[in-house]
Amino acid sequence: QVQLVESGGGLVQAGGSLRLSCVASGRTFARYAKGWFRRAPGKEREFVAAISGSYGITSYADSVKGRFTISRDNAKNMVYLQMNSLKPEDTAVYYCAAGPAMVVTGSGYDYWGQGTQVTVSS
């Protein structure tokens with residue numbers, strides 16, 4: 001059983017940076033792939049980034065590639081999302097997720113956090 005809690009969201013101006021953190025409970029968290037998803041106002045949830053549990057291979061949505069970086073610290077049961085060059089379009093509730101494999105669909109993840117709000121102003 002894995003429980004996830006996100007933090008680090010907030011208000012930032014366009015072009016700024018923010019780092020989101022996700023802490024997990026569970027002895028086997030390191031074995032799970034971890035992903036970040038987001039849901040903007042009036043829009044469906046979309047994939048942002050993921051990192052595999054086995055080798056730390058990363059994947060990014062085209063919209064954030066080159067700006068966002070996902071990383072992990074298995075010793076601390078943490079996963080991070082460093083967000084640079086933020087745009088107003090990045091405004092959303094960001095969710096941390098964990099699952100058996102690194103995939104880009106939310107249905108592929110078994111555990112979800114409650115989300116943290118990121119607001120990017122113009």
Side-chain angles (χ1 to χ4, degrees):
Q1 193 72 25
V2 176
Q3 296 181 0
L4 308 174
V5 180
E6 305 95 335
S7 64
L11 176 65
V12 63
Q13 288 188 318
S17 298
L18 208 59
R19 188 180 75 162
L20 305 183
S21 299
C22 175
V23 63
S25 63
R27 290 177 176 269
T28 61
F29 183 64
R31 298 170 59 185
Y32 287 86
K34 296 90 176 175
W36 286 96
F37 292 77
R38 67 187 183 186
R39 180 176 57 81
K43 300 178 66 176
E44 295 183 359
R45 179 182 61 194
E46 65 176 341
F47 169 76
V48 176
I51 186 167
S52 71
S54 298
Y55 300 106
I57 300 169
T58 59
S59 181
Y60 299 93
D62 289 340
S63 60
V64 306
K65 192 172 298 182
R67 300 189 298 121
F68 291 10
T69 303
I70 187 171
S71 61
R72 66 183 182 183
D73 186 338
N74 288 335
K76 297 181 179 180
N77 276 2
M78 299 285 289
V79 60
Y80 307 95
L81 184 68
Q82 178 66 46
M83 305 184 294
N84 298 326
S85 301
L86 283 162
K87 305 174 181 179
E89 304 93 277
D90 296 318
T91 295
V93 176
Y94 284 71
Y95 299 90
C96 179
M102 186 180 69
V103 295
V104 299
T105 57
S107 60
Y109 295 85
D110 300 319
Y111 306 100
W112 293 83
Q114 294 300 304
T116 185
Q117 176 70 49
V118 172
T119 302
V120 184
S121 62
S122 301

If you look only at distance, which donor and acceptor atoms sit under 3.5 Å apart when one is on a side chain in residues 101-115 and the other is two or more places apart or in another chain?
from, atom 1, to, atom 2, distance (Å)
Tyr109, OH, Val103, N, 3.3
Tyr109, OH, Val103, O, 2.6
Trp112, NE1, Tyr109, O, 3.4

Give me the ring orientation class for Phe37 and Phe47: parallel if the planes are under 30° apart, tilted from 30 to 60°, perpendicular past 60°.
-> perpendicular
Neighbour count above 12 (heavy atom, 6.0 Å) for Gln3 CD | no
Donor-acceptor check, side chain of [X] to backbone of [Y], threshold 3.5 angstrom: yes or no?
{"X": "Arg72", "Y": "Ser52", "result": "yes"}
{"X": "Lys87", "Y": "Ser85", "result": "no"}
{"X": "Asn77", "Y": "Ser25", "result": "no"}

For residues [X] and [Y], report the shortest heavy-atom separation together with the two atoms involved.
{"X": "Cys96", "Y": "Val79", "result": "SG-CG1, 3.4 Å"}
{"X": "Trp36", "Y": "Tyr80", "result": "NE1-O, 3.4 Å"}
{"X": "Tyr60", "Y": "Thr69", "result": "OH-CA, 3.3 Å"}
{"X": "Asn74", "Y": "Ala30", "result": "CG-CB, 3.5 Å"}

About how many Å separate CD1 of Ile57 and CD1 of Ile70, when rounded to the nearest 0.5 Å?
-> 13.0 Å
Straight-line distance of Arg39 CZ to Glu46 CD, nearest 0.5 Å | 11.5 Å
Step-by-step side chain to side chain contact (heavy atoms under 4.5 Å, CB included) determination, Tyr95 to Leu4 = CA-CA 9 Å; Tyr95 299 90; Leu4 308 174; over 6 Å; no
For residues Glu89 and Val120, determine if any side-chain heavy atom of one lies less than 4.5 Å from a side-chain heavy atom of the other.
-> no
Would you call Met83 and Arg67 a side-chain contact if the rule is heavy atoms closer than 4.5 Å?
-> no
Within residues 53-63 or reaching into it, pairs that qualify as salt bridge (charged side-chain N to carboxylate O under 4.0 Å, His left out) - sequence neighbours excluded = Asp62-Lys65
With a cut-off of 3.5 Å and sequence neighbours excluded, list every side-chain donor-acceptor pair involving residues 8-22.
from, atom 1, to, atom 2, distance (Å)
Ser17, OG, Asn84, OD1, 2.9

